[in-house]
Trainee: 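Pasting in a structure now, in structure tokens, and then I'll have a few things to ask.
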Amino acid sequence: MRAVDIIQKKRDGRSLSDAEIGCLINGYTHGSIPDYQMSAWAMAVFFRGMTPEETAALTDAMVKSGDKIDLSAIKGIKVDKHSTGGVGDTTTLVLGPLVAAAGVPVAKMSGRGLGHTGGTIDKLESIPGFHIELTRDQFIEAVNSCGLSVIGQSGNLTPADKKLYALRDVTATVDSLPLIASSIMSKKIAAGADAIVLDVKYGSGAFMKTVEDAENLARTMVNIGQAVGRKSIAVISSMEQPLGFAVGNALEVKEAIATLRGEGPSDLTDLSLTLGAHMLVLGGKAGSYEEGRNKLEAIIQSGEAIHTFKRFIEAQGGNPEAIDRPDDFLPSAERIERVTADSAGYVSAIEAESVGLAAMHVGAGRETKESSIDMAVGVVLYKKVGDRVEKGDTLAAIHVNNTENLEEARKIIRNSYHISPNQPISQNLIAKVIEKA
């Protein structure tokens with residue numbers, strides 16, 4: 001089987017067999033197929049697309065290219081959650097302890113962030129003493145004892161995806177639905193979960209800009225999960241404005257703590273309960289979405305959610321007092337600079353991506369993998385879409401240590417807010433739930 005024949009077949013719009021896709025991915029992983037041929041194939045896929053069967057076969061081949069995590073020693077149905085990313089997306093920090101407290105084990109391998117803020121690992125490391133370096137046995141024991149563990153990505157998971165993603169990044173083939181979907185799902189499947197809940201974002205702060213594009217991606221990923229024997233469901237949620245109020249590592253941890261206490265922003269709370277309820281259904285701890293949501297609301301009100309979060313933090317070396325008194329133990333910025341409204345009216349839109357960019361400008365995120373993060377800094381929104389503002393009201397506050405890019409960040413935030421004389425029509429946070437491809 002020659003790579004050039006496989007490339008030509010896809011170029012001409014014909015479907016590839018499982019064996020042809022497996023041959024291509026195996027050859028590329030081990031170096032017998034060079035970058036230039038894989039680039040040609042990726043471009044052919046970009047223009048010709050892939051059938052659901054091809055996309056599932058591609059995902060399976062990438063999973064088989066490296067290690068697979070065996071979570072069979074963890075009791076119960078393991079349910080993972082994946083978000084396609086956004087600004088102020090703190091749901092993992094809320095969902096993990098919330099779902100674990102309901103009896104669904106959460107064994108999560110997470111990465112560091114590249115962009116607006118750090119990833120889940122970075123955010124957790126803003127808690128004094130918390131560490132992500134656990135052995136496989138320690139990881140499994142932590143999940144069995146307190147229902148939750150989050151560690152850094154380790155081992156040789158999906159090496160084919162790592163190589164292919166880097167290639168797509170420099171060959172203008174990132175925006176290919178089957179390649180995006182297989183990249184995401186291969187990592188989730190290799191990480192060992194029995195079931196997967198997908199939070200697919202759309203809007204100004206998301207990779208997919210429209211509901212339609214998000215739905216297409218969601219259906220593709222749900223189809224992949226079901227094709228390889230993983231129960232999968234996708235929730236399509238809005239990222240037209242940042243989720244919650246906080247954008248920044250320690251700031252988002254504080255917001256997650258407040259949410260687990262029942263005092264968090266309504267949108268973050270709603271999305272966490274929605275995703276969590278579906279996780280409970282897939283994990284066999286609720287017979288319906290409504291039952292799952294009611295259980296989670298009760299767990300927050302009882303204090304069990306925040307108690308589970310403290311146990312999880314302590315199990316991985318963190319100081320549990322930081323959860324009780326976050327203002328005393330989590331890093332905080334030296335300065336808080338307010339951005340005020342130039343006119344009166346209603347907030348009609350907030351450009352989420354711009355707010356994220358402002359946070360990155362003051363050190364909350366990484367422009368490159370080599371960049372360092374300041375855990376204390378970021379942006380806190382005071383006004384969200386639909387809120388009434390008067391001239392001079394605080395729209396947002398910039399938490400900053402290094403003031404080198406402060407004025408640029410201030411300008412970006414001011415420009416990201418759109419003020420209108422009329423109150424906008426409210427839009428639902430959750431656009432759709434995809435249960436079947």
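Values below: every heavy atom of this structure, side chains too, minus hydrogens, waters and symmetry copies.
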Trainee: Does a side-chain heavy-atom distance below 4.5 Å link I77 with L282?
Mentor: no
Trainee: Is the backbone of D213 close enough, under 3.5 Å, to the side chain of N216 for a donor and an acceptor to pair up by distance?
Mentor: no
Trainee: Mind checking the OG1-CD1 spacing from T135 to I151? Nearest 0.5 Å is all I need.
Mentor: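 That separation rounds to 8.5 Å.
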Trainee: Heavy-atom distance under 4.5 Å between the side chains of L58 and M62, does that happen here?
Mentor: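 Contact flag for L58/M62 side chains = yes.
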Trainee: Between V222 and I233, is there a side-chain heavy-atom distance shorter than 4.5 Å?
Mentor: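 No, too far: nothing below the 4.5 Å cut-off.
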Trainee: Inspect the contact between D70 and R136 and indicate whether a charged nitrogen and a carboxylate oxygen are less than 4.0 angstrom apart.
Mentor: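 Not counted as a salt bridge, because no side-chain N and carboxylate O are separated by less than 4.0 Å.
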Trainee: Pair V106, V143 - check side chain to side chain contact (heavy atoms under 4.5 Å, CB included), show working.
Mentor: CA-CA 7 Å; V106 179; V143 180; over 6 Å; no
Trainee: For the backbone of V385 and the side chain of Q241, can you confirm whether one donor and one acceptor N or O come within less than 3.5 Å of each other?
Mentor: yes
Trainee: Under the criterion salt bridge (Lys or Arg N to Asp or Glu O under 4.0 Å), which of K78, K188, K231 is the partner of D194?
Mentor: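 Among K78, K188, K231, the one meeting salt bridge (Lys or Arg N to Asp or Glu O under 4.0 Å) with D194 is K78.
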Trainee: Compute whether any side-chain donor of one residue and acceptor of the other, for N249 and D122, lie under 3.5 angstrom apart.
Mentor: no
Trainee: What are the two closest non-hydrogen atoms of A277 and G292, and how far apart are they?
Mentor: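 For A277 versus G292, the nearest heavy atoms are CB-C, 3.9 Å.
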Trainee: For G287, does its backbone N or O pair with a side-chain atom of E291 as donor and acceptor, under 3.5 Å?
Mentor: yes
Trainee: When rounded to the nearest 0.5 angstrom, what distance separates CE in M279 from CG in L98?
Mentor: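 Between M279 CE and L98 CG, I get 9.5 Å after rounding to 0.5 Å.
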Trainee: Got a second to check how far D60's CG is from I224's CD1, nearest 0.5 Å?
Mentor: 10.5 Å
Trainee: Less than 4.5 Å apart, any side-chain heavy atom of I419 and any of Y346?
Mentor: no
Trainee: So which pairs with a foot in residues 265-283 pass salt bridge (charged side-chain N to carboxylate O under 4.0 Å, His left out), sequence neighbours left out?
Mentor: D267-K384, D270-R293
Trainee: Checking salt bridge (Lys or Arg N to Asp or Glu O under 4.0 Å) for the pair K187/D161: CA distance, chi angles, key distance, verdict?
Mentor: CA-CA 8 Å; K187 291 190 281 285; D161 176 62; 2.9 Å; yes
Trainee: With no hydrogens and no angle check, is any side-chain donor or acceptor of E252 less than 3.5 Å from a backbone partner on V247?
Mentor: no
Trainee: Distance check, rounded to the nearest 0.5 Å: N405 atom CG versus I398 atom CD1?
Mentor: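 One gets 10.5 Å once the value is rounded to the nearest 0.5 Å.
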Trainee: Quick one: closest heavy-atom pair of V380 and Y382, and the distance?
Mentor: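 Nearest pair, atom of V380 first, then Y382: O-CD1, 3.6 Å.
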Trainee: Under the side chain to side chain contact (heavy atoms under 4.5 Å, CB included) rule, what do L167 and S39 come out as? Steps first, then yes or no, please.
Mentor: CA-CA 7 Å; L167 193 69; S39 298; 3.4 Å; yes
Trainee: Hydrogens and angles aside, do E351 and S416 bring a side-chain donor and acceptor to less than 3.5 Å of each other?
Mentor: no
Trainee: Do S149 and Q316 have side-chain N/O donor and acceptor atoms under 3.5 Å apart?
Mentor: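 Distance-only check passes for S149 and Q316.
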Trainee: Could you tell me which non-hydrogen atom of A73 sits nearest to which non-hydrogen atom of N144, and how far apart they are?
Mentor: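 Closest heavy-atom pair between A73 and N144: O-ND2, 3.2 Å.
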Trainee: Without swapping roles, check the side chain of D393 against the backbone of V389 for a donor-acceptor pair under 3.5 Å.
Mentor: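 Pair absent, no side-chain N/O of D393 close to backbone of V389.
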Trainee: Looking at D169, I want to see if its CG is surrounded by more than 12 non-hydrogen atoms of other residues, nucleotides or ligands under 6.0 Å.
Mentor: yes
Trainee: Going through the checks in order, is the side chain to side chain contact (heavy atoms under 4.5 Å, CB included) test met by L395 and T340?
Mentor: CA-CA 5 Å; L395 299 174; T340 57; 5.9 Å; no
Trainee: Quick one: are T403 and R335 in side-chain contact, heavy atoms under 4.5 Å?
Mentor: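 Contact flag for T403/R335 side chains = yes.
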Trainee: To the nearest 0.5 Å, tell me how far M185 CE sits from H82 NE2.
Mentor: 9.5 Å
Trainee: Only distances under 3.5 Å count here; give the side-chain donor-acceptor pairs of residues 197-206 to other protein atoms, sequence neighbours excluded, each with its distance to 0.1 Å.
Mentor:
residue	atom	partner	partner atom	Å
D199	OD1	S237	OG	2.7
D199	OD2	K201	NZ	2.8
K201	NZ	S237	OG	3.3
S204	OG	E240	O	3.0
S204	OG	A352	N	3.2

Trainee: Above 12 or not: heavy atoms from other molecules or residues under 6.0 Å from CD of E408?
Mentor: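 Result for CD/E408: enclosed.
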Trainee: Would the number of heavy atoms belonging to other residues, nucleotides or ligands and lying under 6.0 Å from NZ of K209 be above 12?
Mentor: yes
Trainee: Where the side chain of T158 meets the backbone of A160, is there a donor-acceptor pair that is under 3.5 Å apart?
Mentor: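 No, T158 side chain to A160 backbone: no donor-acceptor pair under 3.5 Å.
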Trainee: Would you say the side chain of L124 lies within less than 4.5 Å of the side chain of F312, judging by non-hydrogen atoms?
Mentor: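 They are in side-chain contact.
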Trainee: Does any N or O in the side chain of Y289 come within less than 3.5 Å of the main-chain N or O of V281, such that one atom is a donor and the other an acceptor?
Mentor: no
Trainee: With sequence neighbours excluded, what pairs up with S332 under the side chain to side chain donor-acceptor pair (under 3.5 Å) test?
Mentor: none
Trainee: Roughly how far, to the nearest 0.5 Å, is CG of L406 from NZ of K411?
Mentor: 13.5 Å
Trainee: Are K108 and D80 ion-paired here, with the side-chain N under 4.0 Å from a carboxylate O?
Mentor: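 Looking at K108 and D80, the cut-off is met.
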Trainee: Verify, without hydrogens or angle tests, whether N401 (side chain) and A333 (backbone) share a donor-acceptor contact under 3.5 angstrom.
Mentor: no
Trainee: Could you walk me through whether D35 and K163 pass salt bridge (Lys or Arg N to Asp or Glu O under 4.0 Å), step by step?
Mentor: CA-CA 9 Å; D35 280 352; K163 288 188 71 175; 5.3 Å; no
Trainee: Got a sec, which residues hit side chain to side chain contact (heavy atoms under 4.5 Å, CB included) with D324, two or more places apart in sequence or on another chain?
Mentor: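 Only R261, K310 meet the side chain to side chain contact (heavy atoms under 4.5 Å, CB included) criterion with D324.
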Trainee: Decide yes or no for F207 and T84: does some side-chain heavy atom of the first lie under 4.5 Å from some side-chain heavy atom of the second?
Mentor: no
Trainee: How would you list, by chain and number, every residue that makes a salt bridge (Lys or Arg N to Asp or Glu O under 4.0 Å) with R410, sequence neighbours excluded?
Mentor: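 For R410 the salt bridge (Lys or Arg N to Asp or Glu O under 4.0 Å) partners, ignoring immediate neighbours, are E337, E407.
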Trainee: Just grab all the salt bridge (charged side-chain N to carboxylate O under 4.0 Å, His left out) pairs involving residues 412-429, residues at least two apart or on different chains.
Mentor: D342-R414
Trainee: Kindly indicate whether the side chain of V235, heavy atoms from C-beta on, has any atom under 4.5 Å from the side chain of I430.
Mentor: yes
Trainee: Would you name the heavy atoms of A102 and L296 that are closest together and state the gap between them?
Mentor: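 Between these two residues, the closest heavy atoms are CB-CD2, 4.1 Å.
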Trainee: Is a side-chain donor or acceptor of R230 paired with a backbone partner of A193 at a separation under 3.5 angstrom?
Mentor: yes
Trainee: For the backbone of L381 and the side chain of K383, can you confirm whether one donor and one acceptor N or O come within less than 3.5 Å of each other?
Mentor: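 Between the backbone of L381 and the side chain of K383 there is no qualifying donor-acceptor contact (under 3.5 Å).
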Trainee: When you look at L268 and T90, which way does the side chain to side chain contact (heavy atoms under 4.5 Å, CB included) test go after all the steps?
Mentor: CA-CA 8 Å; L268 176 58; T90 317; 4.3 Å; yes
Trainee: What's the shortest heavy-atom distance between A107 and I74, and which atoms?
Mentor: CB-CD1, 3.8 Å
Trainee: Identify the two heavy atoms, one from A191 and one from I69, that lie closest to each other, and give their separation to 0.1 Å.
Mentor: O-CB, 3.6 Å
